[in-house]
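This report concerns only the one structure given below.
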2 protein chains.
Amino acid sequence: MSKNLPSTARSLPIALIRAREGIMAPIREMLSETGITEQQWRVLRVLSEFGVMDTKTLADRSSLLFPSLTRIAATLRDKGLVSQTRDEKDRRRQFVEITPAGQLIIDERAARAAEIVTGFKATLGHDNYETLLDLLEMLDPGART
Amino acid sequence: MSKNLPSTARSLPIALIRAREGIMAPIREMLSETGITEQQWRVLRVLSEFGVMDTKTLADRSSLLFPSLTRIAATLRDKGLVSQTRDEKDRRRQFVEITPAGQLIIDERAARAAEIVTGFKATLGHDNYETLLDLLEMLDPGART
DNA sequence: TTGCAACAATTAACATGTTAAGGAAGTGAC
DNA sequence: GTCACTTCCTTAACATGTTAATTGTTGCAA
């Protein structure tokens, strides 16, 4: 049975889009003054958290596809927020590192970003927030062990 | 306190992206043979469920921004999957309707799409699935009454 | 060593997301 | 009626998502 599609009002893909839209709106607003995009912010955050890493790891941790990352890395490099270096042992590979200028962007906005997150935790309630993260992780093909 | 950003591993925006990626992968695979995209599928589904409607309502129900919808509607019209008509009383407004060819695309794949949804329900468990939808709806700015 | 498969990264091509600006049609104050 | 204002939709410009093709390297095997 269940040959019928669920109503679009209870569609999981659509619900994910709308939730994401709700989450990102205040974050995009915060970022608008910096001139960097949401994805660029994400890359900087990953680099800030884990330090220098190769492109493949960076793409994985940032949840970005390679072609996107190529463009984003080029943009961030032009802005002086990251630096790229070739692996001398394997010249196919490349390493990316956040620069002091890039780290500054993170540092100056970490408090405000944390406030936004706190706001959503308050909206949902702490337990619901953790539950939500757990459920979302169950849908992540990369996280299913 | 909590001036520190959460680890990107427990970041809600990133978790939403990854979950969406996990959900959409099999759906995109299903759609690949049709030549229509995920968003075009979404528009057709909304039109199939609710019937003819004006562009504003369609954008709202499809969770698409107006500029995107303009392009998508033009694409679908060129493919003969929807038809557009001007409102004669208010010539700014426009109505969109699914064509038989468009409806056929939905009908031919409704069963397979429903199977995919059923699969995710099984992965999460029915109660978790409903909980997830409820929590996501709490983050949707358009749904907070 | 040469040839080829595998790999990392880029580029290309097209669709969408996002913001801003533009154009056309309706509305209301005067 | 006219002018400002609003509304609906489109266009523009740029960044990203997505898939496929391409380039440059490496490793391995005939």
Side-chain angles (χ1 to χ4, degrees), chain A residues 13-14 16-18 20-44 53-60 62-79 81 84-96, chain B residues 13-14 16-18 20-44 53-60 62-79 81 84-96:
Chain A
I14 292 183
L16 287 167
I17 291 176
R18 290 185 173 156
R20 185 169 156 59
E21 184 184 319
I23 294 284
M24 292 316 300
I27 296 180
R28 263 201 301 272
E29 188 183 359
M30 176 194 77
L31 291 177
S32 65
E33 64 191 36
T34 70
I36 71 172
T37 68
E38 170 206 332
Q39 288 84 353
Q40 293 166 14
W41 167 259
R42 207 157 74 218
V43 168
L44 290 180
M53 73 188 73
D54 66 88
T55 309
K56 172 161 282 188
T57 307
L58 179 56
D60 191 51
S62 308
S63 283
L64 289 170
L65 295 177
F66 248 87
S68 295
L69 186 55
T70 295
R71 290 176 299 211
I72 292 171
T75 303
L76 290 175
R77 170 169 39 74
D78 293 346
K79 292 183 177 181
L81 305 180
Q84 294 172 303
T85 37
R86 285 246 162 249
D87 183 345
E88 285 308 320
K89 294 171 186 169
D90 182 344
R91 298 185 49 75
R92 291 172 301 183
R93 300 176 68 212
Q94 196 178 144
F95 291 108
V96 185
Chain B
I14 291 183
L16 287 167
I17 292 176
R18 291 184 173 156
R20 187 170 153 57
E21 184 184 319
I23 294 284
M24 292 315 301
I27 296 180
R28 262 201 302 272
E29 188 183 0
M30 175 193 77
L31 291 178
S32 65
E33 64 192 35
T34 70
I36 72 173
T37 68
E38 168 208 333
Q39 288 83 353
Q40 292 167 14
W41 167 259
R42 208 157 74 218
V43 167
L44 289 180
M53 72 188 73
D54 65 89
T55 309
K56 171 160 282 188
T57 306
L58 179 56
D60 191 51
S62 308
S63 282
L64 290 169
L65 295 177
F66 247 88
S68 296
L69 185 54
T70 294
R71 288 176 301 212
I72 292 171
T75 303
L76 291 175
R77 172 170 39 74
D78 293 347
K79 292 183 177 180
L81 305 180
Q84 295 172 303
T85 37
R86 285 246 161 247
D87 183 345
E88 285 307 320
K89 295 170 185 170
D90 182 344
R91 297 186 50 76
R92 292 172 304 182
R93 301 175 69 211
Q94 198 178 144
F95 291 109
V96 186

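Residue numbering restarts at 1 for every chain, and letters A, B, ... go by the order of the sequence lines. No hydrogens, no waters, no symmetry mates; every other heavy atom, side chains included, goes into these values.
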DNA chain D nearest-nucleotide lookup for B:I17 and A:K89: closer to the 5′ end is B:I17
Measuring from A:R20:CZ to A:I27:CD1, what's the distance to the nearest 0.5 Å? 8.5 Å
Using OP1 and OP2 only, check whether a side-chain N or O of [X] sits under 4.0 Å from [N].
X	N	answer
B:Q40	C:dT16	yes
B:Q84	D:dC9	no
B:Q94	D:dT10	yes
B:R92	D:dT10	no
A:R71	C:dT10	no
B:S68	C:dT16	no
B:T55	D:dC8	no
B:T37	C:dA15	no

Could you give the [atom1]-to-[atom2] distance, from [X] to [N], as a whole number of Å?
X	N	atom1	atom2	result
A:R28	C:dG17	CZ	C1'	8 Å
B:L65	D:dT11	CG	P	17 Å
B:D54	C:dG26	CG	P	15 Å
B:D78	C:dA15	CG	P	10 Å
A:E88	D:dG24	CD	C1'	15 Å
A:L69	D:dA15	CG	P	16 Å
B:R77	D:dT10	CZ	P	8 Å
A:F66	D:dT22	CZ	P	20 Å

Between A:F95 and B:S63, which has a closest nucleotide on DNA chain C that is more 5'? A:F95
Identify the two heavy atoms, one from B:L81 and one from B:L44, that lie closest to each other, and give their separation to 0.1 Å. O-CD2, 4.0 Å
Other residues, nucleotides and ligands only: do more than 12 of their heavy atoms fall within 6.0 Å of CD on B:E29? no
[X], nearest nucleotide to its side chain (from [options]):
X	options	answer
B:R91	C:dG26, D:dA15, C:dA9	C:dG26
A:P67	C:dA8, C:dT11, C:dT16	C:dT11
A:L64	D:dT11, D:dG17, C:dT10	D:dG17

Test side-chain contact (heavy atoms from CB on, under 4.5 Å) applied to A:V96 and A:V43, step by step: CA-CA 10 Å; A:V96 185; A:V43 168; 5.8 Å; no
Please step through side-chain contact (heavy atoms from CB on, under 4.5 Å) for the pair A:R42 and A:L64, ending with a clear verdict. CA-CA 9 Å; A:R42 207 157 74 218; A:L64 289 170; 3.2 Å; yes
Return yes if some donor-acceptor pair links the side-chain N/O of B:R86 with the main-chain N/O of B:R92 below 3.5 Å, else return no. yes
Sugar-phosphate only, base, or nothing, as touched by A:I72 at under 4.0 Å among non-hydrogen atoms: sugar-phosphate
